[in-house]
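Order of the sequence lines sets the chain letters (A, B, ...), proteins ahead of strands, with each chain counted from 1.
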Protein chains: 2
Amino acid sequence: MARIALSAAKLAVEQGLVATTVDRIAEDARVSRATFFRYFPSKECAVADGLTRPFLDPVIDALARQPSHLPAIEAILAAFDEAACTQTREAAELTRASATLSAWTLSHHQRYEQTIADLITPRLTETDAGPRLIAALVMAAVRLSVEDWLDQGGPLPQHLHRTLRSAACRQ
Amino acid sequence: MARIALSAAKLAVEQGLVATTVDRIAEDARVSRATFFRYFPSKECAVADGLTRPFLDPVIDALARQPSHLPAIEAILAAFDEAACTQTREAAELTRASATLSAWTLSHHQRYEQTIADLITPRLTETDAGPRLIAALVMAAVRLSVEDWLDQGGPLPQHLHRTLRSAACRQ
DNA sequence: GCCTAAAATGAGACTATGTCTCGTAGTGAA
DNA sequence: TTCACTACGAGACATAGTCTCATTTTAGGC
């Protein structure tokens, strides 16, 4: 599953989204065409998955490893700091160039949002907002940071840190 | 354009997403197949657009009509209160049943997010977060409210009000 | 180690989606 | 009217996405 997504993303970055057919992806991942569609409902879903994983999976891992006494916001900030943001400009620009790819990327973000919500639930106090709302705010910050990063340049971690801080200090 | 989207949504609600082909949509909207694809990159994009418009366009209109002295959060709350939330359960459940439809709906939400950001920019003070972050929080609240509404029942406006308040009181 | 049930995969046919090119019809300005 | 421009339609085409069934792989009891 992950192998298929990573093949899809690799080919899409190398040759463009249009030139990357499902047959080529399946061949590269050493599965049949039928198996591809058993795991992904569309070509763009697989590409978006493969582009998103290397960026956000490390963040989730880091978040899960944070000491349990840390409040939610602090744990999230630490997780993003620890995970070296390996997002490439090529990947981000490829995503932005296709409406379909953008839509599927948002869909995957929603999955990460749910994961983050689950991970921070035990860290929340009475006065905090609901976990899903906070997680949605985090993913929105990620999305806006990548946008700013593409438009204005500079290091992505700096954009991330600033936007997350701006979201967090509203506690 | 809007006519095509509304035809697509109508047919999808009536006969299901799979049974609704692009040819039927184009026929219903009295345009050719080629014209359909000139306005929408995919069938699901059109259906999602048609399902989203009747729900969120009135909110945008109401927000634009709010007196300019109102702070952003108050204007948003008032806009959602004024616009009778005409979202139907059928539409929401159709959206949730298809991953592709959900993805495109998120994409349209992002468009509304940008519109909201533009409308509240003049209402923001120094201490507020950026307009896009606030707008993202609003759309996240909408999404989570619809989710709760489907799962737990009760009137949608009530869910909306509660979630938006929860997001707003973190100012 | 072998057998069986269940799950995962592959092969291939089939329909619908999405792209492209080109010809035609409106629309507005000089 | 004429010209340029834009929107639309027709139809061919490649590929996406679905379906069915045969085959392989896997897991677990004996």
Roughly, in whole Å, what's the span from [atom1] in [X] to [atom2] in [N]?
{"X": "Arg24(A)", "N": "dA14(D)", "atom1": "CZ", "atom2": "P", "result": "18 Å"}
{"X": "Met1(A)", "N": "dT9(C)", "atom1": "CE", "atom2": "C1'", "result": "16 Å"}
{"X": "Arg30(A)", "N": "dG10(C)", "atom1": "CZ", "atom2": "C1'", "result": "16 Å"}
{"X": "Phe40(A)", "N": "dT18(D)", "atom1": "CZ", "atom2": "C1'", "result": "18 Å"}
{"X": "Asp23(A)", "N": "dG10(C)", "atom1": "CG", "atom2": "C1'", "result": "13 Å"}
{"X": "Ile25(A)", "N": "dA16(D)", "atom1": "CD1", "atom2": "C1'", "result": "11 Å"}
{"X": "Leu17(B)", "N": "dT18(D)", "atom1": "CG", "atom2": "P", "result": "10 Å"}
{"X": "Lys43(A)", "N": "dT17(C)", "atom1": "NZ", "atom2": "C1'", "result": "12 Å"}

Going by distance alone, is a donor N or O of one side chain under 3.5 Å from an acceptor N or O of the other, for [X] and [Y]?
{"X": "Glu74(A)", "Y": "Gln66(A)", "answer": "no"}
{"X": "Thr35(A)", "Y": "Ser32(A)", "answer": "yes"}
{"X": "Ser102(B)", "Y": "Thr95(B)", "answer": "no"}

Select base, sugar-phosphate, or nothing to describe what Tyr39(A) touches, counting heavy atoms under 4.0 Å on all strands. sugar-phosphate
Look only at the side chain of His159(A) and the backbone of Gly153(A), and say whether a donor-acceptor pair between them is shorter than 3.5 Å. yes
Reading DNA chain D from 5' onward, which residue's closest nucleotide shows up sooner: Ala34(B) or Arg33(A)? Ala34(B)
Given DNA chain D, 5'-ward residue of the pair Val18(B) and Val18(A), judged by closest heavy atom: Val18(A)
Any side-chain N or O of Thr35(A) less than 4.0 Å from the OP1 or OP2 oxygen of dT9(C)? no
5' precedence on DNA chain C between Phe36(A) and Phe37(B) (nearest-nucleotide basis): Phe36(A)
Donor/acceptor link under 3.5 angstrom from Arg38(B) side chain onto base of dG9(D): yes
Under 4.0 Å between a Lys/Arg side-chain N and an Asp/Glu carboxylate O for Asp151(B) and Arg96(B)? yes
Out of [options], whichever nucleotide has its closest atom nearest the side chain of [X]:
{"X": "Ser32(B)", "options": "dG10(C), dG17(D), dG9(D)", "value": "dG9(D)"}
{"X": "Val31(B)", "options": "dT18(D), dG9(D), dG10(C)", "value": "dG9(D)"}
{"X": "Thr21(B)", "options": "dC8(D), dT17(C), dA16(D)", "value": "dT17(C)"}

